[in-house]
Amino acid sequence: MKSPILSMAKQRFPNLLELHRTTDLTRWINQMSLSQKAIAASRSTEYLNDLNDEQRSAVENLDNPLLVLAGAGTGKTRVLTTRIAHILNMGRASSWQILAVTFTNKAAKEMKHRIAKLVGESAIEGMPWLGTFHSVGVKILRRHAELVGLQSSFTILDSDDQLRLLKQLLKVEQIDDKRWPARQLAGMIDSWKNRGLLPDKVPSVEGEGFANGKGVELYRAYQARMKDLNAVDFGDLLLEVLKLFQRHPDILKEYQKKFRYILVDEYQDTNVAQYLWLRLLAQGSENVCCVGDDDQSIYGWRGAEVENILRFEKDFKGAKIVRLEQNYRSTDHILKSASLLISHNAERLGKTLHTNIGLGDKVILQSVWDDEEEARTVADDIEQYQRDGISLNEMAVLVRASFQMRSFEDRFLTMGIPYRVVGGPRFYERAEIKDAIAYFAAMLNPSNDIKFERIINVPKRGLGDATVKVIHDYARAEKIPLMIAARQLVETEEIRPKPRATIRALLGQFEGWRGKLEELGHTQLAEIILDESGYTAMWQKDKSVQAQSRLDNLKELVRFMGEFENFTGFMEHVSLVMDAEVETNEPQVSLMTLHSSKGLEFDCVFLPGWEDGLFPHQRALDEGDLVGLEEERRLAYVGITRAKKHLKILFAQNRRVHGKWQSSLPSRFIDELPEANVDIQLGNSSGGGGYGKNSYGGYNAKGRQAEVFAGAYSGQKSAGGSPYDNYDAKNSASYYQQGGGKGWAKKGQSRQIEGKVTKVEIVESSFAVGERVFHQKFGYGTVEKAEGKTLLINFEKSESKKVIDRFVEKVDEPEAQGDLF
DNA sequence: GGGCGTTGCGTTTTT
DNA sequence: CGCAACGCCC
C-alpha cells in the first residue's frame, strides 16, 4: 500500500531539489534516506516473487556495476523496470536521482508505463531523468547552454535543416556539390559526432577524402555556423554535453552526485559518444546497470559499437554479469533454430537460451519461384492462421529491405488483408508536417532562421532565390536573424516592389500571430496560421493523390497539439520525438524491416527473402571481413526470435534486382539452421487449378490442418472468383521448379481436398458501375465491375486493378471517409 | 516559378 | 525498372 507520507514527500521533493544545489541536496537525501528506509521496511517486495533467479539477482544487485546480458525474450524490460521500482522501494534513491536512458521514445514511454504499474503514477512524475539519450542531453544542455556557447533557447535541427545548412556552406566555399554531395559530408560529420570527435580531434587523414582535404574544415565551419544560429543537431545533443562535462568538472561532479543509479537500455547499441558520456557520469557512483544483448547488435552501421558491451567488465571495476537465459517468448523449435544460427558468430559473449513453453511447431522453410509467389504464399498462410483464430495483430512479415514490401502490399490489397507498415515514413518526417512546424517555430521565435527559410516561399508567394539571397546576405553581414533583416529591408528599395510588399505582408502576418499567442489557445492559433498563410489552401488546390492525406495529417497535427498544455511544450516534444502512433482498432498484419522489428513479438512471423545477396545483403558480403556478415546474422537472429509460435522462412529462386530478373541462391543462413527443428514445406502450387492450386500445404504433420481446411476457401476468395486466375501459369512453373530441390521429401504435401465450398452469400455491392472512387494506394478511378466485395477499378494513374471495396472510398459523398482509416 | 527531360542510383534508421 | 533530384528552358 502506498504511504501518504511518502507520496506527499515525493510530490514536494522534485521542485525543491531542482532548485537547491549540492549541500541542501545532500542534507535532503540523508533525511529522506532514513524515512524512506523506514517506510521501505514496511513495504512489500512482492514484485520480486514474479522473477526468476537470474532476473531477481539482476534486480537486487545494487552495489556494483552490473551488466545484464538479456537474451531475446528473457524479460529485459521487466528487469529494468523492476530494478527501478526496487531502488525506489528500498529507499536507495529518489526518483529524480535515477538516470535511466533508452534509445527510442517508445522504449522510454514503455518503461515509464511499466514502472508506474509497479510503484504507482505519482512516483513516475518525479522521474525527470528517464528518457532517451537525446532528451536527457537536451535537458542538461539547456541548463548550461551558455558554457558551450549557446543560449538555452537553442533550436534543434533535424536532418533536413542540417542538409540545407551544409549545402549553403558548400556554396560559400565554392565546392561543387555534385562531386562532393552535402549528404556525404553530413554522413561524415555524423560519424565523427558518433565517435565523440570535435573538429580538432578528427584524425587529419579522415577529412582528406572530401573536397580536396576540406572535410574537417567544413565540419568546423558547420559547427561555427550553428553556434551563430543558436542551433544544434542531434549529434550535438550528446557531443556538446560531453564537451560540457570535460571542460567543467564541477558541473560533471554535480551530476555524478545527483545520479545515484544509472540504468541503460540496449547497451549494445551505444556509440562512442554515448559510452564516454555514460562513463563520465558513472564515475560518481559506479552504480551503473547496463542491459543489452550482444547478439542483437544490428546498428553498427550507424555508429553502435558492440565492443562497448563486450568490454564492460574491463571498463567498470568490480562489475558483475548476470545472464538472462530463460526465454518466455518462443517455443523450443524456434529457439533452437535461433541459437544454432547465432552460434556461427565468433565475436560474442555467449548465452544459451532455453524455454519451457514446449516444442511447438517446427520452423517452416519454403522455396518459392519469385516475389509474387512469396507474397501469395504468405498471404494465404495469413488467412489460414486467421481462420485458426489468430488475430492479424499477432502476425508480421519482416523483410531485409523495404523494396521487398511492395509485393506484399500489392497482395494484401488485392486480397483485402488489412496491414500496417511499421516504421515507414514517419509522421513528423512528412513535408506538410515539417512545413507546419516551421511556421509555428518561426512564429514563436523570430530568430529561428532555419525554419523561416523553409517556409518563406511555401506556399509559393513569389519570393524566389534572388529575393531570399538579398535578405540572407544582409542578415549575415549584419549578424541579425532573417526576419529582422527582412523587416529592415522592406523599408528600403533593395528589393523590388512586388516581393517587397509580399515580405511586408508576410512579416505582418507573423507579428499578428505572435500577438494572438496570449489570447488564443495554441490549437486555435495553429489553425489560424495554417489558414492565413495559405498553407492549407495550397494543398486544397493540389490535385495529386496524396493531397487529401496531407490535409488529414495537418488536421491530426493540430488535434495532437491539443494534448499539450501550450505551444512550447508541444514544440519541444516535436523536435525530439519522431514518432506519433496512428491508432486503429482494426486488427492488421504488420509489415516492416527486420531492423524495426527489434523488441517486438508476434505469434506468427514470416521471414521472406532469405537469399544470398539480399540477406545477407550484398554490401555486407562485399566488405570481405566477417564484421558485416556477423551483423547480418544477428539481424537474422533478431528476426527469428520475434516469433512466439509460428515461424516461416522463405526464399525465392528468382528476384528482380534493379529491374532485371536474376536467379538467386538460398541464404547461407538457411544452412546454419538445425535440421531437426525445421520442416521443409512444399510450394502451395499443386498446379491442378480450381481451389487446389492455392491449397495450403499444411503446417507440418501435426494433423491439425485437416479440420481447418474444410471450407477454408469459401468466403471472399470464391466470391471474387478470378483474382487468382492470372497466376496459373506461374504457379505450375514454380511447382516443377521446386520438385528437384530440397522440397520433395517431407510431409505436409498439399491436400487435394477441394474444401467444402460453403455457399457464398453474394452481398450486393454498395458500389455501382461507373462510380468514381478513391483508393489509398492507387488514387482515383472509376468502378468498372462490382461483384460482392470485389471491385474492378479503372484507375487514372495505373491500369485497372481488382480491389476489395473496403479499401476504396466513394469520392462524391463526403460522409464516406468516416472511419475507414 | 513551373514544367519537363536527363541523369544517376538503388540496405538497414533513431534522435 | 522506377524514382528522386537536378538542371535547363520557357
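The sequence lines fix the lettering, A, B, ..., with proteins before strands; numbering per chain opens at 1.
In this structure, A/Asp371 atom CG and C/dC1 atom P are separated by 16 Å, rounded to whole Å. Atom CZ of A/Arg183 and atom P of C/dA4 are 13 Å apart (whole Å). In this structure, A/Leu163 places its CG atom 16 Å from P of C/dA4, rounding to the nearest Å. Put simply, CE on A/Met538 is 10 Å from P on B/dG2, counting in whole angstrom units. Whole-Å rounding puts the A/Phe403 CZ to B/dT11 C1' distance at 9 Å. Taking atom CG on A/Asp622 and atom C1' on B/dT11, their separation rounds to 12 Å, with Å as the unit. Between the C1' atom of B/dT14 and the CG atom of A/Leu237 lies a distance of 12 Å, rounded to the nearest Å. Across the protein-nucleic acid pair, A/Arg656 atom CZ and C/dC3 atom P stand 12 Å apart, rounded to whole Å.
As judged by a 4.0 angstrom heavy-atom cut-off over every strand, A/Gln162 is placed among residues making no nucleic acid contact. Within the nucleic acid shown, A/Asn457 comes within 4.0 Å of sugar-phosphate atoms alone, with no base atom in reach, counting heavy atoms only. The residue A/Leu463 sits close only to the backbone: its heavy atoms come under 4.0 Å of sugar-phosphate atoms, none of a base. If you check every strand for non-hydrogen atoms under 4.0 Å, A/Lys498 touches nothing. Here A/Gly137 lies out of heavy-atom contact (under 4.0 Å) with every strand.
The same atom, P, is picked in C/dA5 and in B/dT12; the two are 15 Å apart, to the nearest Å. Separating the P atom of B/dT11 from that of C/dA4 is a span of 14 Å, rounded to the nearest Å.
A residue-by-residue look at A/Lys460 and A/Thr104 shows that A/Lys460 has its nearest nucleotide of DNA chain B further toward the 5' end.
The partner of B/dT11 is absent, by the rule that a Watson-Crick or G-U pair needs both atom distances under 3.5 Å. The pairing partner recorded for C/dC6 is B/dG5, the criterion being a Watson-Crick or G-U wobble arrangement whose two distances lie under 3.5 angstrom.
Between A/Phe615 and A/Phe669, the ring planes are perpendicular. Angles over 60° get that label, and only those under 30° would be called parallel. Note: A/Phe567 and A/Phe570 have perpendicular aromatic rings, judged against thresholds of 30 and 60 degrees for the angle between ring planes.
Within the 4.5 Å cutoff, the side chain of A/Ser664 has no heavy atoms near those of the A/Leu614 side chain. In this structure the side chain of A/Val272 never reaches within 4.5 angstrom of the side chain of A/Trp277, judged on heavy atoms. Between A/Glu266 and A/Lys76, the closest side-chain pair of non-hydrogen atoms falls below 4.5 Å. Counting only heavy atoms from C-beta outward, the side chains of A/Phe234 and A/Asp236 never approach each other to under 4.5 Å.
Comparing B/dT11, B/dT15, B/dT13 by their closest approach to the side chain of A/Tyr299 singles out B/dT13. Closest approach to the A/Lys178 side chain among C/dC6, B/dT11, B/dT12 is made by C/dC6 (side chain taken as heavy atoms from C-beta onward). When the nucleotides B/dG10, B/dT15, B/dT12 are ranked by their closest atom to the side chain of A/Ala401, B/dT12 comes out on top. For A/His134, counting side-chain heavy atoms from C-beta on, the closest listed nucleotide (B/dT15, B/dT13, B/dG10) is B/dT15. Among the nucleotides C/dC6, B/dT15, B/dT11, the one closest to any side-chain atom of A/Lys167 is C/dC6.
With A/Phe154 as the aromatic partner, A/Arg142 meets the cation-pi criteria of under 6.0 angstrom to the ring centre and within 45 degrees of the ring axis.
In this structure, A/Ser402 reaches the B/dT12 phosphate: one of its side-chain N or O atoms is under 4.0 Å from OP1 or OP2. OP1 or OP2 of B/dT14 has not a single side-chain nitrogen or oxygen of A/Lys193 nearer than 4.0 Å. Distances shown here put a side-chain N or O of A/Thr593 below 4.0 Å from the OP1 or OP2 atom of B/dT13. Under 4.0 angstrom from either OP1 or OP2 of C/dC1 there lies no side-chain N or O belonging to A/Lys660. For A/Ser596, no side-chain nitrogen or oxygen approaches OP1 or OP2 of B/dT12 to under 4.0 Å.
Syn is the conformation of B/dT11, whose glycosidic angle sits no further than 90° from 0.
The aromatic ring of A/Trp301 stacks onto the base of B/dT12, its centre lying under 5.5 Å from the centre of the six-membered base ring with the two planes under 30° apart. Taking a centre distance below 5.5 Å and an interplanar angle below 30 degrees as the stacking criterion, A/His617 stacks against the six-membered base ring of B/dT11.
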